[in-house]
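Computation of the quantities below employed the complete heavy-atom set of this structure, encompassing side-chain atoms and omitting hydrogens, waters and symmetry-equivalent molecules.
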Amino acid sequence: NKGFIVIPKSVTPARIDGNANWELKLTEEQMAKLDAAPQKRLTDFPFRPGGKFFFFSEENNLKTITKKLNDGTEMPILGLGTWQSKPKEVEEAVYHAICKTGIRHIDAAQIYGNQDEVGTGVNRALKDTGLKREELWVTSKVWMVDFAPEDVGPAIDRILKELQLDYVDQVLLHWPSCFDKPPKDSSPGKYPEKWAGTEDPMFPKDKDGNLLHRDVPLSETWSAMCAEKKAGKIRSIGVSNFSKAEIEEMTKGGLEMPAVNQVEAHVFWNQAKLRKEMEELGVAVVAYSPLGNSGFHGEKSGISSDLVAEVSKESSLTPAQVMLNYLINKGFIVIPKSVTPARIDGNANWELKLNDEQMAKLDAAPQKRLTDFPFRPGGKFFFDNQPPSH
C-alpha cells in the first residue's frame, strides 16, 4: 500500500505460499494504526560499511544509538567511564555527561571507590532533566572479594545503596578470580595471621605481601549472579577481563551466557582474536581505556601517536574521536573516561567518518597492551601472550 516492492525471505514451502497467495485488504483505519507504530530499525546496524550512517539524519547521534544484547536489553554504545575519577570530580562529570552532553550510559564499579558520588551525580541528573530511570543505563561490577556465592547478593545490595538506585541495568564480574576475603569482624592491624599483610580488605594479603586467593568455581559465582537478576535487582549480567574458555567453563550446565565482556581495547590492542571468539558466543564486547591510556606502563599513550594524528588530520576528527570511531566500526561499545567537560563533550559530539582506507591504516597499528598489567589477579596471563592478528 505504501508503494514498496517486497522480498520476504523463507525456505519453508508453506510460508512461501502464504506470503504470496492473498489479496490486499487493509482499510485506511488499519493503515493508520500501523502508521502509528514506534519506529526503530530491527535488522541493520546503525551504520553502513565504511562507518557511514544509515539514511536518516536523526540516526546520526552516537549518544542515542544502542546495541541489542543477547538478553534482549538495549545498551547505549557510548558511555562515560569513571575509573580513576576522583570523588567530587566524578559527581560533576556524571552530572555534566547526562545533563549537558546527553550521554545515557555510565560505567562504575565497587573497586573504583567513587560509587557514592556517581550515584549522587546520576540522581541529580535524573531529577534536573526529568529523564525516566529507564532512559539511563548504569553498569557496575562486583569485586573479587565478593565472589563466594553467599557474598554476591550483599555485594549487589551495597552497589544499589551506593548508587542510590532501585535496580542496576548491568552488573559484571570484574575479574575471573576470587580473593580470600578477611573475616567480617576484623580490621586492618587486627586480622588473623593468615591475612597479616592486609592493609586494604579489597586486596587481602599474607604476611609476605602475597595476594590471597580462594578456590571458588566461577560457575557458582555466576549462578548467584543469575539469581540476583531473576530477583529484579539487575537487568543484565556480564563479565570483565574473561577469556572464552573461562566463560564456557562458567556457564556450563545450562547457565545463561553473559551479555557482555568488558576488556581493554583500542587501536593498539584491538582484541581481534577475542572479538571473534565473543562473536561466536553471542557476547558483546565493551572497550575500557578506548583511548589507549598509557596506564601503569608509563609509555607514550596511543592517542598521541603519529598514526592517530595522521588519521585525525585526514578525517577532521580529534585523535580521541578517531580511536572511538575505530572501535565503534569494529562493533565495540565504548566507555571513554574523563572528568573534563570539554573532553566529555568532545568524546560524544561527532559523527562516524573513518573510511575503509583509514580503518585499514589503523588495523595495521602495532599491537601492545597499554593499560593493564601483563597478567591478571591470581597470576594468570591475559588472553593471548602474542599480539592479536587482524
Undergrad: Test Val308 against Met323 for side-chain contact (heavy atoms from CB on, under 4.5 Å), laying out the working first.
TA: CA-CA 7 Å; Val308 172; Met323 297 191 76; 4.2 Å; yes
Undergrad: Do Val216 and Pro149 have side chains that get closer than 4.5 Å, going by heavy atoms?
TA: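 SC-SC contact between Val216 and Pro149 confirmed.
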Undergrad: Would you say the side chain of Asn325 lies within less than 4.5 Å of the side chain of Leu317, judging by non-hydrogen atoms?
TA: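 Yes, side chains in contact.
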Undergrad: Taking the side chain from Asp215 and the backbone from Cys178, do they hold a donor-acceptor pair closer than 3.5 Å?
TA: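 Here the side-chain-to-backbone pair does not exist.
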Undergrad: Rounded to the nearest 0.5 Å, what's the gap from CE on Met75 to CG on Leu78? Could you check?
TA: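 With rounding to 0.5 Å, CE (Met75) is 11.0 Å from CG (Leu78).
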Undergrad: Looking at Val145 and Pro204, what are the two nearest heavy atoms and their distance?
TA: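 Minimum heavy-atom contact is CG1-CD, 4.0 Å.
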Undergrad: So Trp83 and Tyr112, would you call those rings parallel, tilted or perpendicular, with 30° and 60° as cut-offs?
TA: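 Tilted: the ring planes of Trp83 and Tyr112 meet at 30° to 60°.
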Undergrad: Quick check: closest heavy atoms across Leu80 and Ala97, and the distance to 0.1 Å?
TA: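 So the two residues come closest at CD2-CB, 3.8 Å.
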Undergrad: Less than 4.5 Å apart, any side-chain heavy atom of Met278 and any of Arg275?
TA: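 No - every pair of side-chain heavy atoms lies 4.5 Å or more apart.
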Undergrad: Checking Glu92 now: which residues fulfil side chain to side chain contact (heavy atoms under 4.5 Å, CB included) with it, not counting sequence neighbours?
TA: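 Scan of Glu92 (side chain to side chain contact (heavy atoms under 4.5 Å, CB included), adjacent residues dropped) gives Arg124.
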Undergrad: Among pairs that include at least one residue of residues 94-115, which meet salt bridge (Lys or Arg N to Asp or Glu O under 4.0 Å), considering only residues two or more places apart or in two chains?
TA: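 Pairs touching residues 94-115 that pass the test: Asp107-Lys141.
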Undergrad: Is any side-chain heavy atom of Val239 less than 4.5 Å from a side-chain heavy atom of Ile247?
TA: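 A side-chain contact exists here, since the closest heavy-atom pair is under 4.5 Å.
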Undergrad: Is there a side-chain contact between Leu324 and Trp350 (heavy atoms, below 4.5 Å)?
TA: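 A side-chain contact exists here, since the closest heavy-atom pair is under 4.5 Å.
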Undergrad: To the nearest 0.5 Å, what is the distance between CD1 (Ile234) and NZ (Lys229)?
TA: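 Separation between the atoms: 9.0 Å.
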Undergrad: What heavy-atom pair brings Ile156 and Val142 nearest, and what distance separates the two atoms?
TA: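 It is CD1-CG2, 3.8 Å.
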Undergrad: Treating Gln367 as the side-chain partner and Val267 as the backbone partner, does any N or O pair qualify as donor plus acceptor under 3.5 Å?
TA: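 Side chain of Gln367 to backbone of Val267: a pair is present.
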Undergrad: Please examine the side chains of Val285 and Gln271, heavy atoms only from C-beta on, and report whether any two atoms are closer than 4.5 Å.
TA: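 Gln271 vs Val285: side chains apart.
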Undergrad: Would you name the heavy atoms of Met202 and Trp143 that are closest together and state the gap between them?
TA: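 Minimum heavy-atom contact is O-NE1, 2.9 Å.
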Undergrad: Can you tell me how far apart CE (Met144) and CG (Asp151) are? Round to the nearest 0.5 Å.
TA: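 The CG atom of Asp151 is 14.0 Å from CE of Met144, to the nearest 0.5 Å.
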Undergrad: Would the distance check show the side chain of Asn210 and the main-chain N or O of Asp206 forming a donor-acceptor pair, the cut-off being under 3.5 Å?
TA: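 No, because the side chain of Asn210 does not come within donor-acceptor range (under 3.5 Å) of the backbone of Asp206.
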Undergrad: Under a 4.0 Å N-O cut-off, is there an ion pair linking Glu310 with Lys361?
TA: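 Salt bridge present between Glu310 and Lys361.
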Undergrad: Go through it in stages, so that I can follow the logic: the residues are Glu277 and Lys273, the test is salt bridge (charged side-chain N to carboxylate O under 4.0 Å, His left out), and I'd like the CA-CA distance, side-chain angles, deciding distance and then a yes or no.
TA: CA-CA 6 Å; Glu277 292 173 341; Lys273 179 176 180 289; 2.8 Å; yes
Undergrad: Say you draw a straight line from CD of Gln115 to OG1 of Thr120; how long is it, rounded to the nearest 0.5 Å?
TA: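 OG1 of Thr120 is found 11.5 Å from CD of Gln115.
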Undergrad: Could you check Ile335 against His105 for side-chain contact (heavy atoms from CB on, under 4.5 Å), going step by step and ending with a plain yes or no?
TA: CA-CA 8 Å; Ile335 47 170; His105 172 185; 3.6 Å; yes
Undergrad: So, Asn241 side chain and His174 main chain: donor-acceptor pair closer than 3.5 Å or not?
TA: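 Yes; judged by distance alone, with no hydrogens or angles, the pair exists.
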Undergrad: For Gln30, I'd like to know if atom CD has over 12 heavy atoms of other residues, nucleotides or ligands within 6.0 Å.
TA: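 More than 12 heavy atoms, drawn from other residues, nucleotides or ligands, come within 6.0 Å of this atom.
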Undergrad: Is Tyr191 isolated, or which residues cluster with it under the ILVMFWY side-chain rule of less than 4.5 Å, directly or via members?
TA: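 The other cluster members (ILVMFWY side chains, heavy atoms under 4.5 Å, direct or chained) are Trp195, Leu212.
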Undergrad: Hey, is CD on Glu279 packed in by over 12 heavy atoms from elsewhere, all under 6.0 Å?
TA: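 No, not enclosed.
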Undergrad: Please collect all salt bridge (Lys or Arg N to Asp or Glu O under 4.0 Å) contacts where either partner lies in residues 158-179, sequence neighbours excluded, each pair once.
TA: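 Matches after skipping sequence neighbours: Arg133-Asp169, Asp146-Arg158, Asp169-Arg235.
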Undergrad: Say you draw a straight line from CG of Leu211 to OG of Ser177; how long is it, rounded to the nearest 0.5 Å?
TA: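 One gets 9.0 Å once the value is rounded to the nearest 0.5 Å.
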Undergrad: Hydrogens and angles aside, do Glu74 and Thr66 bring a side-chain donor and acceptor to less than 3.5 Å of each other?
TA: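 Present: a donor and an acceptor within the cut-off.
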Undergrad: Do any N or O atoms from the side chain of Ser289 and from the backbone of Gly292 form a donor-acceptor pair under 3.5 angstrom?
TA: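 No.
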Undergrad: Kindly write out the residues that satisfy salt bridge (Lys or Arg N to Asp or Glu O under 4.0 Å) with Asp180, not counting sequence neighbours, or none if the list is empty.
TA: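 Per chain and number, Asp180 pairs via salt bridge (Lys or Arg N to Asp or Glu O under 4.0 Å) with Lys194.
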Undergrad: Any side-chain heavy-atom pair from Thr139 and Ile106 closer than 4.5 angstrom?
TA: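 They are not in side-chain contact.
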Undergrad: Is any side-chain heavy atom of Val334 less than 4.5 Å from a side-chain heavy atom of Ile77?
TA: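 No, side chains not in contact.
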Undergrad: Can a donor-acceptor pair be found, under 3.5 Å and without considering hydrogens, that links the side chain of Asp116 to the backbone of Leu163?
TA: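 It does not hold such a pair.
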Undergrad: Just wondering, more than 12 heavy atoms not from Glu150 lying within 6.0 Å of its CD?
TA: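 Yes - once you tally the heavy atoms of other residues, nucleotides and ligands closer than 6.0 Å, there are more than 12.
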Undergrad: Could you check whether Asn349 and Asp345, counting side-chain N and O atoms only, form a donor-acceptor pair closer than 3.5 Å?
TA: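 The answer is no; no qualifying pair exists.
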Undergrad: Counting neighbours of CD on Glu134 that are heavy atoms of other residues, nucleotides or ligands and sit closer than 6.0 Å, is the number greater than 12?
TA: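 Atom CD in Glu134 is packed in, count exceeds 12.
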Undergrad: I'd like to know if the side chain of Gln358 pairs up with that of Ser315 as donor and acceptor (distance under 3.5 Å, no hydrogens or angles considered).
TA: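 Absent: no donor and acceptor within the cut-off.
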Undergrad: Could you grab the distance from atom NZ of Lys205 to atom CZ of Phe179, nearest 0.5 Å is fine?
TA: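 Nearest 0.5 Å value for the NZ-CZ distance: 9.0 Å.
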Undergrad: Look at the side-chain heavy atoms of Ile, Leu, Val, Met, Phe, Trp and Tyr, link any pair under 4.5 Å apart, and say whether Val311 and Ile303 land in one connected group.
TA: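 Yes, Val311 connects to Ile303 through the hydrophobic network.
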Undergrad: Which heavy atom of Ser240 sits nearest to which heavy atom of Tyr288, and what is that distance?
TA: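 Of all heavy-atom pairs spanning Ser240 and Tyr288, the closest is OG-CE2, 4.2 Å.
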Undergrad: Return the minimal non-hydrogen interatomic distance between Arg343 and Ser338, and the atom names on each side.
TA: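 Closest approach of Arg343 to Ser338, heavy atoms only: CB-OG, 3.4 Å.
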Undergrad: Using distance only, find each side-chain donor-acceptor pair of residues 217-228 under 3.5 Å and give its atom names and separation, not counting sequence neighbours.
TA:
residue, atom, partner, partner atom, Å
Thr221, OG1, Phe147, O, 2.6
Trp222, NE1, Glu256, O, 2.8
Glu228, OE1, Lys233, NZ, 2.9

Undergrad: Has Gln321 got a side-chain atom pairing as donor or acceptor with Thr318's backbone, closer than 3.5 angstrom?
TA: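 Between the backbone of Thr318 and the side chain of Gln321 there is a qualifying donor-acceptor contact (under 3.5 Å).
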